[in-house]
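Every value quoted in this text rests on a predicted model; they were computed, and no experiment measured them.
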Amino acid sequence: MTRNILIVEDNPGIGELVRMHVADLDMNPILCDRGDTGLERFLEGDIDLVVLDLMLPGMDGLSVCREIRSGPGYVPVLMLTAKTTELDRVLGLEMGADDYLTKPFSVAELSARVKALFRRVDAMASASAANAGHEKSGELRTDGLRIDPDRRRVFVREQEVELTAREFDLLWHFASHPGRVFSRVQLLDKVWGYNHEGYEHTVNTHINRLRGKIEKDPARPEFIETVWGVGYRFRD
C-alpha cells in the first residue's frame, strides 16, 4: 500500500526537493505551501505522515501541529525549521511533533527520518496487536500506570497525563520490555529509529521530562530506573 506524505512547506525549492525524494521512497507526496490549506488537506484524511515547516503563511506550523494532535487517531509529524534554538525545537515537540530537522538538511537524513518514523508506527501497531488479547484494546497496566497504545493516552492513578509523541513512544518501549536494560544508543535506535553521534543527550532529556510527568517523585523513580554505567530499565 502506497503511503501518503503531506508536505507543508512554503519555500518552493525545499518543498520540491522534499517532494522528489519522498517520491523516490515509493511514497505519494502531497505538497501544500500554506499552513491553513495543509491542515484542510490533512483533515480530509488518508494521510500517513506530515512533513511540516515551522514558519508558514496562513497558519504557523506549531498551530497546525496542535490541531493535528487534537483530533482522533495518530499520524506522525516531522517538523522542518530554519531556526536552531533549543526553545523552537522543544515547542515543536511539546505541540506533538515526533521529530524535527533543522534546515539545511541532507537528503540522506530526510530519508532516514521518514523511514524511521514508519518503522516506529509499524512496531507500535505490531505491539498493540500482540497485547490485544491480554488487555482490553491492548492496554498495558502496572502499579497505577495505564497505557492505551490505540489512543496513545497515559493515565497515572487514573489521572491522564499529557505526553509528547516521543515521550509516549519512549514510555511504551520501556513498559513493553519490563526489566530489560537499554543503553542510550539502543534507545535511539529503537525509539528514535536512528543513531547519530552526539544525540545521546536527547535520551537523557526525554527521560527526565517523562519522569517529571509520570513519577510521584522524579528523584526516586518508581517506573523508569537508572542502571548506573549502563542505561535505563522499566521496573520488572
Side-chain angles (χ1 to χ4, degrees), residues 1-9 11 13-32 38 42 47-55 61 64-65 68-69 74-86 88-127 152 164-174 176-177 182-207 231:
M1 180 184 298
T2 301
R3 283 166 157 159
N4 295 320
I5 314 298
L6 176 62
I7 305 160
V8 191
E9 169 61 66
N11 183 303
I14 295 176
E16 180 61 19
L17 178 69
V18 175
R19 188 199 66 78
M20 287 191 304
H21 289 288
V22 164
D24 287 343
L25 296 174
D26 292 326
M27 300 177 187
N28 179 42
I30 302 167
L31 183 59
C32 295
F42 175 83
I47 298 297
D48 299 294
L49 182 145
V50 180
V51 179
L52 179 64
D53 189 25
L54 181 63
M55 304 299 294
V64 173
C65 190
I68 288 174
R69 286 290 173 256
Y74 167 71
V75 174
V77 175
L78 174 62
M79 187 162 279
L80 306 180
T81 173
K83 297 186 177 182
T84 57
T85 66
E86 183 178 3
D88 293 310
R89 297 195 296 270
V90 169
L91 284 174
L93 295 173
E94 280 297 319
M95 289 301 103
D98 295 85
D99 207 349
Y100 65 88
L101 275 175
T102 302
K103 303 174 187 177
F105 51 83
S106 71
V107 170
E109 188 170 16
L110 171 67
S111 299
R113 300 291 182 91
V114 169
K115 291 176 181 177
L117 285 171
F118 280 126
R119 284 199 300 271
R120 286 170 43 219
V121 169
D122 292 343
M124 180 70 71
S126 297
R152 296 178 67 86
T164 67
R166 189 55 55 81
E167 288 166 353
F168 180 89
D169 290 342
L170 185 61
L171 177 59
W172 177 257
H173 182 73
F174 273 125
S176 299
H177 302 86
F182 293 95
S183 69
R184 293 171 182 82
V185 172
Q186 288 174 322
L187 290 170
L188 280 171
D189 180 58
K190 298 296 185 181
V191 179
W192 276 255
Y194 57 84
N195 181 19
H196 297 291
E197 185 177 355
Y199 275 59
E200 286 85 352
H201 71 281
T202 300
V203 175
N204 297 357
T205 300
H206 277 77
I207 287 177

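Taking the six-membered ring for Trp and thresholds of 30 and 60 degrees, F182 and F174 have ring planes more than 60 degrees apart, a perpendicular arrangement. Between H177 and H173, the ring planes lie tilted relative to each other; the angle falls in the 30° to 60° range.
Checked options L78, D99, V18, L101; the residue passing with V114 is L78 (criterion: side-chain contact (heavy atoms from CB on, under 4.5 Å)). Of the residues listed (V77, L54, V50), the one engaging C65 in a side-chain contact (heavy atoms from CB on, under 4.5 Å) is V77, and it is the only one.
Residues I5 and V51 have side chains in contact (heavy-atom distance under 4.5 Å, counting atoms from C-beta outward). Counting heavy atoms from C-beta outward, L187 and I207 have side chains that approach closer than 4.5 Å. Here the side chains of L6 and L52 are not in contact, with every heavy-atom distance at 4.5 Å or above. Between D53 and V8 the shortest side-chain heavy-atom distance does not fall below 4.5 Å. Residues I68 and V64 form a side-chain contact, since some pair of their non-hydrogen atoms from C-beta on lies under 4.5 Å apart.
Judged by distance alone, with hydrogens and angles left aside, the side-chain atoms of R69 form a donor-acceptor pair with the main-chain N or O of V75 at under 3.5 Å. Between the side chain of E16 and the main chain of G13, no donor-acceptor pair closer than 3.5 Å is present. A distance-only check finds a donor-acceptor pair linking the side chain of D48 to the backbone of N4 [under 3.5 Å]. Between the side chain of R184 and the main chain of N204, no donor-acceptor pair closer than 3.5 Å is present.
Summarising the geometry of P76 relative to D98, their closest heavy-atom pair is CA-OD1, 3.1 Å, with the distance given to 0.1 Å.
A donor and an acceptor atom, one from each side chain of N28 and R3, are nowhere located under 3.5 Å apart.
Atom CE of residue M55 and atom CG of residue L80 lie 13.5 Å apart, to the nearest 0.5 angstrom. The distance from atom CE of M20 to atom CG of L25, rounded to the nearest 0.5 Å, is 12.5 Å. With rounding to the nearest 0.5 angstrom, the NE2 atom of H21 is 11.0 Å from the CD1 atom of I7. Atom OG1 of residue T102 and atom CD of residue E109 lie 8.5 Å apart, to the nearest 0.5 angstrom. Taken from CG in L110 to NZ in K115, the straight-line distance is 10.5 Å, to the nearest 0.5 Å. If you take OH on Y100 and CZ on F105, they are separated by 14.0 Å, rounding to the nearest 0.5 Å.
We find that E9 and K103 are joined by a salt bridge, their nearest charged nitrogen and carboxylate oxygen being less than 4.0 Å apart. A salt bridge does not link D24 with R19: every distance from a Lys NZ or Arg NE/NH1/NH2 to an Asp or Glu carboxylate oxygen is 4.0 Å or more.
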